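First comes the structure, then the notes that go with it.
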There are 2 protein chains.
Amino acid sequence: MAQNSDEGTIGDRAYRRIRGDILQGRLAPGEKLKLDRLKEDYGVSVSTLREVLSRLSSEKLVVAEGQRGFEVAPVSVEELKDIASLRLLLEVHAIAQSFQSGDMEWEARVVAAHHKLAAMEEKKKSEGSPDNETWKRYDWEFHQALISACGSRELMETHGAVFDKYLRYQMLALTDRGEIAAREHRQLMELALKRDAAKAGEVLKAHITGGVEHALAVGRIV
Amino acid sequence: MAQNSDEGTIGDRAYRRIRGDILQGRLAPGEKLKLDRLKEDYGVSVSTLREVLSRLSSEKLVVAEGQRGFEVAPVSVEELKDIASLRLLLEVHAIAQSFQSGDMEWEARVVAAHHKLAAMEEKKKSEGSPDNETWKRYDWEFHQALISACGSRELMETHGAVFDKYLRYQMLALTDRGEIAAREHRQLMELALKRDAAKAGEVLKAHITGGVEHALAVGRIV
DNA sequence: TCATCATAGATTTTCGAATTTGCCTATTGA
DNA sequence: TCAATAGGCAAATTCGAAAATCTATGATGA
(Lines give C-alpha, C1' and ligand atoms only; values in the text may rest on other atoms or scores of the structure.)
Protein backbone atom coordinates (compact mmCIF):
# COMPACT_ATOMS: atom_id res chain seq x y z
CA MET A 1 0.00 0.00 0.00
CA ALA A 2 1.42 3.32 -1.06
CA GLN A 3 1.95 5.70 1.85
CA ASN A 4 1.09 9.28 1.09
CA SER A 5 4.59 10.45 1.92
CA ASP A 6 6.16 7.81 -0.26
CA GLU A 7 4.25 8.26 -3.45
CA GLY A 8 5.22 10.46 -6.35
CA THR A 9 8.59 11.71 -7.43
CA ILE A 10 11.31 12.95 -5.11
CA GLY A 11 10.20 16.45 -6.03
CA ASP A 12 6.61 15.75 -5.01
CA ARG A 13 7.69 14.39 -1.67
CA ALA A 14 9.93 17.39 -1.02
CA TYR A 15 7.03 19.63 -2.02
CA ARG A 16 4.72 18.07 0.52
CA ARG A 17 7.34 18.19 3.25
CA ILE A 18 8.25 21.82 2.70
CA ARG A 19 4.65 22.87 2.29
CA GLY A 20 3.80 21.11 5.53
CA ASP A 21 6.71 22.75 7.31
CA ILE A 22 5.46 26.16 6.25
CA LEU A 23 1.87 25.44 7.23
CA GLN A 24 2.97 24.06 10.59
CA GLY A 25 5.23 27.01 11.23
CA ARG A 26 8.41 24.95 11.36
CA LEU A 27 9.63 27.25 8.64
CA ALA A 28 8.93 30.67 10.10
CA PRO A 29 7.23 33.52 8.22
CA GLY A 30 9.76 35.77 6.53
CA GLU A 31 12.55 33.21 6.89
CA LYS A 32 15.10 33.26 4.11
CA LEU A 33 15.17 30.01 2.17
CA LYS A 34 18.77 29.49 1.14
CA LEU A 35 19.12 26.81 -1.46
CA ASP A 36 22.27 25.32 0.03
CA ARG A 37 20.77 24.89 3.46
CA LEU A 38 17.51 23.43 2.15
CA LYS A 39 19.56 21.10 0.00
CA GLU A 40 21.03 19.61 3.17
CA ASP A 41 17.78 19.65 5.14
CA TYR A 42 15.63 17.94 2.54
CA GLY A 43 18.25 15.97 0.65
CA VAL A 44 17.43 17.12 -2.86
CA SER A 45 19.33 19.07 -5.46
CA VAL A 46 19.00 22.77 -6.10
CA SER A 47 17.11 22.34 -9.37
CA THR A 48 14.52 20.18 -7.69
CA LEU A 49 14.29 22.66 -4.85
CA ARG A 50 13.68 25.55 -7.20
CA GLU A 51 10.91 23.58 -8.79
CA VAL A 52 9.29 23.07 -5.42
CA LEU A 53 9.73 26.68 -4.34
CA SER A 54 8.29 27.90 -7.62
CA ARG A 55 5.14 25.92 -7.02
CA LEU A 56 4.89 27.26 -3.50
CA SER A 57 5.43 30.82 -4.63
CA SER A 58 2.58 30.53 -7.06
CA GLU A 59 0.45 29.43 -4.09
CA LYS A 60 1.71 32.53 -2.24
CA LEU A 61 3.18 30.44 0.54
CA VAL A 62 6.63 31.53 -0.56
CA VAL A 63 7.67 34.83 -2.07
CA ALA A 64 10.27 34.99 -4.82
CA GLU A 65 11.65 38.40 -5.46
CA GLY A 66 13.81 39.19 -8.47
CA GLN A 67 17.01 37.24 -8.42
CA ARG A 68 17.35 37.43 -4.69
CA GLY A 69 15.99 34.00 -3.96
CA PHE A 70 13.05 32.80 -1.95
CA GLU A 71 11.62 33.33 1.50
CA VAL A 72 8.64 32.08 3.46
CA ALA A 73 5.64 34.35 2.91
CA PRO A 74 5.27 36.85 5.74
CA VAL A 75 2.13 37.08 7.87
CA SER A 76 0.10 40.06 9.00
CA VAL A 77 -3.14 40.64 10.83
CA GLU A 78 -4.41 42.39 7.75
CA GLU A 79 -3.84 39.32 5.62
CA LEU A 80 -5.38 37.05 8.22
CA LYS A 81 -8.58 39.08 8.20
CA ASP A 82 -8.50 39.20 4.43
CA ILE A 83 -8.07 35.45 4.09
CA ALA A 84 -10.76 34.80 6.66
CA SER A 85 -13.31 36.92 4.84
CA LEU A 86 -12.53 35.26 1.53
CA ARG A 87 -12.88 31.85 3.15
CA LEU A 88 -16.22 32.95 4.55
CA LEU A 89 -17.45 34.14 1.17
CA LEU A 90 -16.48 30.93 -0.57
CA GLU A 91 -17.59 28.56 2.15
CA VAL A 92 -20.99 30.17 2.75
CA HIS A 93 -21.76 30.01 -0.95
CA ALA A 94 -20.51 26.44 -1.26
CA ILE A 95 -22.53 25.36 1.76
CA ALA A 96 -25.70 26.80 0.29
CA GLN A 97 -25.15 24.91 -2.95
CA SER A 98 -24.17 21.77 -1.13
CA PHE A 99 -27.15 21.79 1.22
CA GLN A 100 -29.42 22.11 -1.77
CA SER A 101 -28.13 19.23 -3.81
CA GLY A 102 -26.55 16.93 -1.26
CA ASP A 103 -27.75 13.33 -1.35
CA MET A 104 -27.57 10.54 1.19
CA GLU A 105 -23.96 9.76 0.33
CA TRP A 106 -23.13 13.35 1.13
CA GLU A 107 -24.93 13.18 4.47
CA ALA A 108 -22.94 10.09 5.28
CA ARG A 109 -19.68 11.83 4.47
CA VAL A 110 -20.61 14.76 6.70
CA VAL A 111 -21.59 12.56 9.61
CA ALA A 112 -18.47 10.42 9.23
CA ALA A 113 -16.14 13.40 9.05
CA HIS A 114 -17.80 14.97 12.05
CA HIS A 115 -17.47 11.76 13.99
CA LYS A 116 -13.71 11.69 13.48
CA LEU A 117 -13.34 15.36 14.27
CA ALA A 118 -15.51 15.23 17.39
CA ALA A 119 -13.61 12.23 18.70
CA MET A 120 -10.37 14.11 18.25
CA GLU A 121 -11.76 17.18 19.95
CA GLU A 122 -12.89 15.08 22.88
CA LYS A 123 -9.47 13.52 23.12
CA LYS A 124 -7.82 16.91 23.08
CA LYS A 125 -10.02 18.09 25.92
CA SER A 126 -8.97 15.20 28.13
CA GLU A 127 -5.35 14.69 27.20
CA GLY A 128 -4.09 18.09 26.10
CA SER A 129 -3.08 18.40 22.46
CA PRO A 130 -0.87 15.56 21.36
CA ASP A 131 -1.27 15.75 17.62
CA ASN A 132 -2.16 19.12 16.18
CA GLU A 133 -1.43 17.94 12.71
CA THR A 134 -4.07 15.23 12.41
CA TRP A 135 -6.56 17.32 14.34
CA LYS A 136 -6.24 20.09 11.76
CA ARG A 137 -6.56 17.53 9.00
CA TYR A 138 -9.83 16.31 10.46
CA ASP A 139 -11.01 19.90 10.73
CA TRP A 140 -10.18 20.32 7.05
CA GLU A 141 -11.92 17.09 6.11
CA PHE A 142 -15.06 18.09 7.95
CA HIS A 143 -15.38 21.47 6.27
CA GLN A 144 -14.48 19.86 2.96
CA ALA A 145 -17.23 17.28 3.47
CA LEU A 146 -19.79 19.99 4.18
CA ILE A 147 -19.21 21.60 0.80
CA SER A 148 -18.46 18.41 -1.09
CA ALA A 149 -21.86 18.39 -2.81
CA CYS A 150 -21.64 21.95 -4.10
CA GLY A 151 -21.06 20.65 -7.60
CA SER A 152 -18.16 22.94 -8.44
CA ARG A 153 -14.64 21.62 -8.65
CA GLU A 154 -13.22 25.12 -9.08
CA LEU A 155 -14.97 26.36 -6.01
CA MET A 156 -13.72 23.46 -3.93
CA GLU A 157 -10.14 23.81 -5.08
CA THR A 158 -10.10 27.55 -4.54
CA HIS A 159 -11.66 27.08 -1.14
CA GLY A 160 -9.04 24.46 -0.32
CA ALA A 161 -6.19 26.80 -1.16
CA VAL A 162 -7.64 29.60 0.94
CA PHE A 163 -8.42 27.22 3.78
CA ASP A 164 -4.80 26.08 3.93
CA LYS A 165 -3.56 29.62 4.21
CA TYR A 166 -6.09 30.24 6.95
CA LEU A 167 -4.84 27.13 8.69
CA ARG A 168 -1.29 28.40 8.71
CA TYR A 169 -2.36 31.30 10.85
CA GLN A 170 -4.17 29.01 13.23
CA MET A 171 -1.09 26.83 13.55
CA LEU A 172 1.17 29.83 14.05
CA ALA A 173 -1.06 31.14 16.80
CA LEU A 174 -1.03 27.67 18.34
CA THR A 175 -4.52 28.31 19.46
CA ASP A 176 -7.78 26.56 19.36
CA ARG A 177 -11.02 27.43 20.97
CA GLY A 178 -11.66 23.91 22.15
CA GLU A 179 -15.23 23.47 23.25
CA ILE A 180 -16.59 26.50 21.43
CA ALA A 181 -15.30 25.26 18.10
CA ALA A 182 -16.50 21.76 18.86
CA ARG A 183 -19.99 23.03 19.55
CA GLU A 184 -20.02 25.01 16.32
CA HIS A 185 -18.90 21.94 14.40
CA ARG A 186 -21.76 19.96 15.84
CA GLN A 187 -24.22 22.71 14.95
CA LEU A 188 -22.94 22.76 11.40
CA MET A 189 -23.45 19.04 11.05
CA GLU A 190 -26.97 19.22 12.42
CA LEU A 191 -27.84 22.14 10.19
CA ALA A 192 -26.47 20.21 7.22
CA LEU A 193 -28.89 17.39 7.89
CA LYS A 194 -31.70 19.93 8.29
CA ARG A 195 -30.53 21.67 5.10
CA ASP A 196 -30.70 25.02 6.84
CA ALA A 197 -28.11 26.91 4.81
CA ALA A 198 -29.01 30.34 6.16
CA LYS A 199 -28.44 29.37 9.77
CA ALA A 200 -25.32 27.44 8.81
CA GLY A 201 -23.95 30.55 7.17
CA GLU A 202 -24.40 32.45 10.41
CA VAL A 203 -22.74 29.75 12.47
CA LEU A 204 -19.86 29.60 10.00
CA LYS A 205 -19.42 33.34 10.20
CA ALA A 206 -19.20 33.15 13.97
CA HIS A 207 -16.89 30.15 13.65
CA ILE A 208 -14.43 31.94 11.41
CA THR A 209 -14.49 35.41 12.92
CA GLY A 210 -14.24 33.77 16.33
CA GLY A 211 -11.18 31.88 15.18
CA VAL A 212 -9.59 35.06 13.89
CA GLU A 213 -10.27 37.02 17.08
CA HIS A 214 -8.93 34.20 19.19
CA ALA A 215 -5.77 33.96 17.11
CA LEU A 216 -5.24 37.71 17.35
CA ALA A 217 -5.87 37.71 21.09
CA VAL A 218 -2.96 35.33 21.57
CA GLY A 219 -0.88 38.03 19.92
CA ARG A 220 1.59 35.78 18.22
CA ILE A 221 0.85 37.19 14.78
CA VAL A 222 2.85 40.27 13.96
CA MET B 1 13.00 51.69 -19.67
CA ALA B 2 12.49 48.04 -18.91
CA GLN B 3 10.11 46.31 -21.28
CA ASN B 4 7.74 43.88 -19.66
CA SER B 5 9.03 41.01 -21.76
CA ASP B 6 12.63 41.84 -20.94
CA GLU B 7 12.51 42.08 -17.22
CA GLY B 8 13.18 39.34 -14.73
CA THR B 9 15.19 36.17 -15.10
CA ILE B 10 15.24 33.94 -18.16
CA GLY B 11 12.84 31.70 -16.30
CA ASP B 12 10.40 34.53 -15.71
CA ARG B 13 10.40 35.49 -19.34
CA ALA B 14 9.85 31.91 -20.43
CA TYR B 15 7.04 31.67 -17.89
CA ARG B 16 5.25 34.67 -19.32
CA ARG B 17 5.70 33.47 -22.88
CA ILE B 18 4.43 29.97 -22.23
CA ARG B 19 1.58 31.21 -20.07
CA GLY B 20 0.57 33.61 -22.81
CA ASP B 21 0.76 30.87 -25.42
CA ILE B 22 -1.60 28.72 -23.38
CA LEU B 23 -4.04 31.56 -22.75
CA GLN B 24 -4.02 32.54 -26.41
CA GLY B 25 -4.51 28.96 -27.51
CA ARG B 26 -1.22 28.76 -29.40
CA LEU B 27 -0.53 25.79 -27.19
CA ALA B 28 -3.66 23.73 -27.62
CA PRO B 29 -5.63 22.17 -24.76
CA GLY B 30 -4.48 18.62 -24.06
CA GLU B 31 -1.28 19.07 -26.03
CA LYS B 32 1.65 17.09 -24.75
CA LEU B 33 4.50 19.31 -23.60
CA LYS B 34 7.67 17.41 -24.42
CA LEU B 35 10.68 18.93 -22.72
CA ASP B 36 12.96 18.51 -25.72
CA ARG B 37 10.64 20.30 -28.08
CA LEU B 38 9.93 23.15 -25.67
CA LYS B 39 13.66 23.44 -25.08
CA GLU B 40 14.06 24.28 -28.75
CA ASP B 41 10.98 26.47 -29.01
CA TYR B 42 11.73 28.68 -26.03
CA GLY B 43 15.50 28.40 -25.88
CA VAL B 44 15.86 27.41 -22.26
CA SER B 45 17.17 24.33 -20.51
CA VAL B 46 15.05 21.49 -19.19
CA SER B 47 15.55 22.45 -15.56
CA THR B 48 14.28 25.94 -16.19
CA LEU B 49 11.39 24.54 -18.20
CA ARG B 50 10.36 22.24 -15.39
CA GLU B 51 10.37 25.17 -13.05
CA VAL B 52 8.06 27.08 -15.38
CA LEU B 53 5.75 24.13 -15.93
CA SER B 54 5.55 23.49 -12.20
CA ARG B 55 4.33 27.02 -11.63
CA LEU B 56 1.78 26.65 -14.39
CA SER B 57 0.57 23.34 -13.08
CA SER B 58 -0.10 24.86 -9.70
CA GLU B 59 -2.23 27.44 -11.54
CA LYS B 60 -4.01 24.53 -13.24
CA LEU B 61 -3.05 25.77 -16.68
CA VAL B 62 -1.00 22.64 -17.24
CA VAL B 63 -1.44 19.23 -15.72
CA ALA B 64 1.45 17.14 -14.42
CA GLU B 65 0.65 13.51 -13.92
CA GLY B 66 2.98 11.17 -12.12
CA GLN B 67 6.24 10.79 -13.96
CA ARG B 68 4.64 11.06 -17.34
CA GLY B 69 5.46 14.70 -17.90
CA PHE B 70 3.29 17.71 -18.56
CA GLU B 71 0.46 18.66 -20.87
CA VAL B 72 -1.68 21.72 -21.45
CA ALA B 73 -4.77 21.59 -19.25
CA PRO B 74 -7.77 20.26 -21.18
CA VAL B 75 -10.97 22.24 -21.61
CA SER B 76 -14.58 21.22 -21.21
CA VAL B 77 -17.94 22.94 -21.28
CA GLU B 78 -18.42 21.80 -17.73
CA GLU B 79 -15.28 23.57 -16.59
CA LEU B 80 -16.18 26.69 -18.54
CA LYS B 81 -19.51 26.94 -16.76
CA ASP B 82 -17.83 26.20 -13.47
CA ILE B 83 -15.20 28.89 -13.94
CA ALA B 84 -17.80 31.38 -15.10
CA SER B 85 -19.94 30.87 -12.04
CA LEU B 86 -16.96 31.23 -9.74
CA ARG B 87 -15.96 34.40 -11.53
CA LEU B 88 -19.48 35.69 -11.08
CA LEU B 89 -19.48 34.93 -7.36
CA LEU B 90 -16.16 36.66 -6.77
CA GLU B 91 -16.78 39.63 -9.03
CA VAL B 92 -20.28 40.41 -7.77
CA HIS B 93 -19.04 40.38 -4.21
CA ALA B 94 -15.99 42.48 -5.05
CA ILE B 95 -18.11 44.98 -6.96
CA ALA B 96 -20.43 45.44 -4.01
CA GLN B 97 -17.49 46.12 -1.72
CA SER B 98 -15.83 48.35 -4.25
CA PHE B 99 -18.93 50.44 -4.96
CA GLN B 100 -19.30 51.02 -1.27
CA SER B 101 -15.82 52.25 -0.49
CA GLY B 102 -14.56 53.57 -3.82
CA ASP B 103 -13.26 57.13 -3.74
CA MET B 104 -12.67 59.66 -6.49
CA GLU B 105 -9.38 58.06 -7.48
CA TRP B 106 -11.25 54.83 -8.02
CA GLU B 107 -13.89 56.53 -10.15
CA ALA B 108 -11.12 57.99 -12.27
CA ARG B 109 -9.54 54.56 -12.73
CA VAL B 110 -12.88 53.11 -13.81
CA VAL B 111 -13.59 55.90 -16.29
CA ALA B 112 -10.05 55.74 -17.68
CA ALA B 113 -10.13 51.97 -18.11
CA HIS B 114 -13.52 52.15 -19.76
CA HIS B 115 -12.31 54.83 -22.11
CA LYS B 116 -9.48 52.63 -23.37
CA LEU B 117 -11.72 49.60 -23.66
CA ALA B 118 -14.51 51.46 -25.44
CA ALA B 119 -12.07 52.96 -27.92
CA MET B 120 -10.77 49.51 -28.69
CA GLU B 121 -14.27 48.12 -29.08
CA GLU B 122 -15.14 50.91 -31.46
CA LYS B 123 -12.02 50.23 -33.46
CA LYS B 124 -12.85 46.55 -33.65
CA LYS B 125 -16.32 47.33 -34.96
CA SER B 126 -14.95 49.39 -37.82
CA GLU B 127 -11.78 47.54 -38.73
CA GLY B 128 -12.37 43.93 -37.78
CA SER B 129 -10.22 42.51 -34.99
CA PRO B 130 -6.57 43.30 -35.47
CA ASP B 131 -5.27 42.81 -31.98
CA ASN B 132 -7.18 40.39 -29.81
CA GLU B 133 -4.43 40.37 -27.26
CA THR B 134 -4.51 44.00 -26.22
CA TRP B 135 -8.28 44.10 -26.48
CA LYS B 136 -8.51 41.30 -23.94
CA ARG B 137 -6.00 43.09 -21.75
CA TYR B 138 -8.17 46.20 -21.75
CA ASP B 139 -11.16 44.05 -20.88
CA TRP B 140 -9.20 42.66 -17.97
CA GLU B 141 -8.06 46.10 -16.86
CA PHE B 142 -11.62 47.42 -16.90
CA HIS B 143 -13.04 44.64 -14.76
CA GLN B 144 -9.99 44.89 -12.52
CA ALA B 145 -10.59 48.64 -12.12
CA LEU B 146 -14.22 48.07 -11.17
CA ILE B 147 -13.23 45.89 -8.21
CA SER B 148 -10.02 47.73 -7.38
CA ALA B 149 -11.53 49.45 -4.35
CA CYS B 150 -12.85 46.27 -2.77
CA GLY B 151 -10.13 46.42 -0.14
CA SER B 152 -9.12 42.78 -0.34
CA ARG B 153 -5.86 41.77 -1.95
CA GLU B 154 -6.74 38.07 -1.65
CA LEU B 155 -10.04 38.59 -3.38
CA MET B 156 -8.43 40.50 -6.23
CA GLU B 157 -5.69 37.96 -6.78
CA THR B 158 -8.08 35.04 -6.68
CA HIS B 159 -10.41 36.84 -9.05
CA GLY B 160 -7.47 37.54 -11.36
CA ALA B 161 -6.52 33.88 -11.52
CA VAL B 162 -10.09 32.81 -12.28
CA PHE B 163 -10.51 35.60 -14.81
CA ASP B 164 -7.45 34.43 -16.73
CA LYS B 165 -8.81 30.93 -17.00
CA TYR B 166 -12.13 32.34 -18.18
CA LEU B 167 -10.23 34.36 -20.75
CA ARG B 168 -8.58 31.29 -22.15
CA TYR B 169 -11.97 29.94 -23.11
CA GLN B 170 -12.93 33.20 -24.74
CA MET B 171 -9.71 33.20 -26.75
CA LEU B 172 -10.18 29.56 -27.73
CA ALA B 173 -13.69 30.26 -28.94
CA LEU B 174 -12.33 33.26 -30.84
CA THR B 175 -15.58 34.93 -30.15
CA ASP B 176 -16.74 38.24 -28.90
CA ARG B 177 -20.17 39.66 -28.74
CA GLY B 178 -19.10 43.04 -30.02
CA GLU B 179 -21.77 45.63 -29.43
CA ILE B 180 -23.62 43.71 -26.76
CA ALA B 181 -20.52 43.41 -24.62
CA ALA B 182 -19.63 47.02 -25.29
CA ARG B 183 -23.06 48.16 -24.11
CA GLU B 184 -22.75 46.08 -20.95
CA HIS B 185 -19.36 47.58 -20.25
CA ARG B 186 -20.80 51.06 -20.54
CA GLN B 187 -23.66 50.14 -18.22
CA LEU B 188 -21.21 48.79 -15.67
CA MET B 189 -19.24 52.02 -15.71
CA GLU B 190 -22.36 54.13 -15.31
CA LEU B 191 -23.64 51.95 -12.48
CA ALA B 192 -20.24 52.23 -10.80
CA LEU B 193 -20.55 56.00 -10.74
CA LYS B 194 -24.10 55.66 -9.42
CA ARG B 195 -22.89 53.07 -6.86
CA ASP B 196 -25.73 50.76 -7.81
CA ALA B 197 -24.14 47.45 -6.90
CA ALA B 198 -27.36 45.44 -7.15
CA LYS B 199 -28.04 46.44 -10.73
CA ALA B 200 -24.37 46.05 -11.61
CA GLY B 201 -24.49 42.51 -10.28
CA GLU B 202 -27.37 41.75 -12.64
CA VAL B 203 -25.61 43.26 -15.61
CA LEU B 204 -22.45 41.34 -14.75
CA LYS B 205 -24.42 38.12 -14.54
CA ALA B 206 -25.87 38.75 -17.99
CA HIS B 207 -22.41 39.74 -19.21
CA ILE B 208 -20.76 36.53 -18.06
CA THR B 209 -23.51 34.05 -18.84
CA GLY B 210 -23.92 35.73 -22.20
CA GLY B 211 -20.23 35.27 -22.86
CA VAL B 212 -20.43 31.61 -21.94
CA GLU B 213 -23.46 30.95 -24.14
CA HIS B 214 -21.86 32.75 -27.03
CA ALA B 215 -18.64 30.77 -26.66
CA LEU B 216 -20.59 27.51 -26.54
CA ALA B 217 -22.69 28.47 -29.55
CA VAL B 218 -19.55 28.77 -31.64
CA GLY B 219 -18.96 25.15 -30.72
CA ARG B 220 -15.21 25.25 -30.66
CA ILE B 221 -15.00 23.99 -27.10
CA VAL B 222 -15.09 20.23 -26.81
C1' DT C 1 -4.59 -17.14 -30.83
C1' DC C 2 -3.71 -14.84 -26.83
C1' DA C 3 -1.53 -13.34 -22.67
C1' DT C 4 2.91 -12.53 -20.45
C1' DC C 5 7.37 -11.07 -20.27
C1' DA C 6 11.74 -9.09 -21.83
C1' DT C 7 14.18 -5.64 -24.29
C1' DA C 8 15.25 -1.22 -26.64
C1' DG C 9 14.17 3.40 -27.36
C1' DA C 10 12.13 7.57 -25.86
C1' DT C 11 11.12 10.70 -22.17
C1' DT C 12 11.19 12.39 -17.75
C1' DT C 13 13.46 13.23 -13.42
C1' DT C 14 17.47 14.37 -10.81
C1' DC C 15 21.92 15.96 -10.07
C1' DG C 16 26.28 18.82 -9.58
C1' DA C 17 28.95 22.04 -11.86
C1' DA C 18 29.45 26.44 -14.57
C1' DT C 19 27.76 30.93 -15.06
C1' DT C 20 25.64 35.01 -13.66
C1' DT C 21 24.08 38.26 -10.38
C1' DG C 22 23.81 40.73 -6.14
C1' DC C 23 25.99 42.34 -1.89
C1' DC C 24 29.51 43.82 1.24
C1' DT C 25 33.90 45.91 2.10
C1' DA C 26 37.84 48.48 1.22
C1' DT C 27 40.13 51.82 -1.41
C1' DT C 28 40.37 56.05 -3.90
C1' DG C 29 39.60 60.84 -4.72
C1' DA C 30 37.32 65.11 -3.52
C1' DT D 1 34.41 62.93 6.33
C1' DC D 2 31.92 61.38 2.66
C1' DA D 3 30.58 59.66 -2.01
C1' DA D 4 31.80 56.69 -5.64
C1' DT D 5 33.85 52.71 -7.48
C1' DA D 6 36.31 48.41 -7.79
C1' DG D 7 37.13 43.87 -6.12
C1' DG D 8 35.95 39.65 -3.89
C1' DC D 9 32.73 36.66 -1.83
C1' DA D 10 28.25 34.53 -1.31
C1' DA D 11 24.15 33.26 -3.34
C1' DA D 12 20.94 32.49 -7.12
C1' DT D 13 20.27 31.09 -11.79
C1' DT D 14 21.05 28.25 -15.70
C1' DC D 15 22.79 24.49 -18.08
C1' DG D 16 23.70 19.73 -20.05
C1' DA D 17 24.57 15.19 -18.82
C1' DA D 18 23.61 10.96 -15.88
C1' DA D 19 20.08 8.17 -13.76
C1' DA D 20 15.46 6.58 -13.43
C1' DT D 21 11.15 5.64 -15.44
C1' DC D 22 7.79 4.79 -18.88
C1' DT D 23 6.15 2.93 -23.52
C1' DA D 24 6.14 0.38 -27.56
C1' DT D 25 7.59 -3.67 -29.91
C1' DG D 26 8.52 -8.32 -30.50
C1' DA D 27 9.54 -12.93 -28.63
C1' DT D 28 8.09 -16.85 -25.84
C1' DG D 29 5.06 -20.33 -24.16
C1' DA D 30 0.46 -22.15 -23.06
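Per chain, numbering begins at 1; letters A, B, ... match sequence-line order. Worth saying up front: this structure is predicted, and the values here are computed from it rather than measured. Note that these values count all heavy atoms, side chains included, but never hydrogens, waters or copies made by symmetry.
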Letter per nucleotide, 5' to 3', of nucleotides 11-19 of chain C [B base touched, S only sugar-phosphate touched, - untouched; heavy atoms, 4.0 Å]: SSSBBBB--
Distance in angstrom units between A/L49 CG and D/dT14 P, rounded: 16 Å
Residue pairs fulfilling ring pair (Phe, Tyr, Trp, His ring centres under 6.0 Å) with at least one residue in residues 81-101 of chain A, sequence neighbours excluded: A/F99-A/W106
Salt bridge (Lys or Arg N to Asp or Glu O under 4.0 Å) with B/E154: of A/K81, A/R87, A/K165, A/K60, only one passes, and it is A/K165
Do any side-chain atoms of residues 19-26 of chain B form donor-acceptor pairs under 3.5 angstrom with protein atoms, and if so which ones, sequence neighbours left out?
{"residue": "B/R19", "atom": "NE", "partner": "B/Y15", "partner atom": "OH", "Å": "3.4"}
{"residue": "B/R19", "atom": "NE", "partner": "B/E59", "partner atom": "OE1", "Å": "3.0"}
{"residue": "B/R19", "atom": "NH1", "partner": "B/D164", "partner atom": "OD2", "Å": "3.1"}
{"residue": "B/R19", "atom": "NH2", "partner": "B/E59", "partner atom": "OE1", "Å": "3.0"}
{"residue": "B/R19", "atom": "NH2", "partner": "B/D164", "partner atom": "OD2", "Å": "3.0"}
{"residue": "B/D21", "atom": "OD1", "partner": "B/R26", "partner atom": "NE", "Å": "2.7"}
{"residue": "B/D21", "atom": "OD1", "partner": "B/R26", "partner atom": "NH2", "Å": "2.9"}
{"residue": "B/D21", "atom": "OD2", "partner": "B/Y42", "partner atom": "OH", "Å": "2.6"}

Is the shortest side-chain N to carboxylate O distance from B/E141 to B/R137 below 4.0 Å? yes
Is a salt bridge present between A/D12 and A/R55, judged by a nitrogen-to-oxygen distance below 4.0 Å? yes
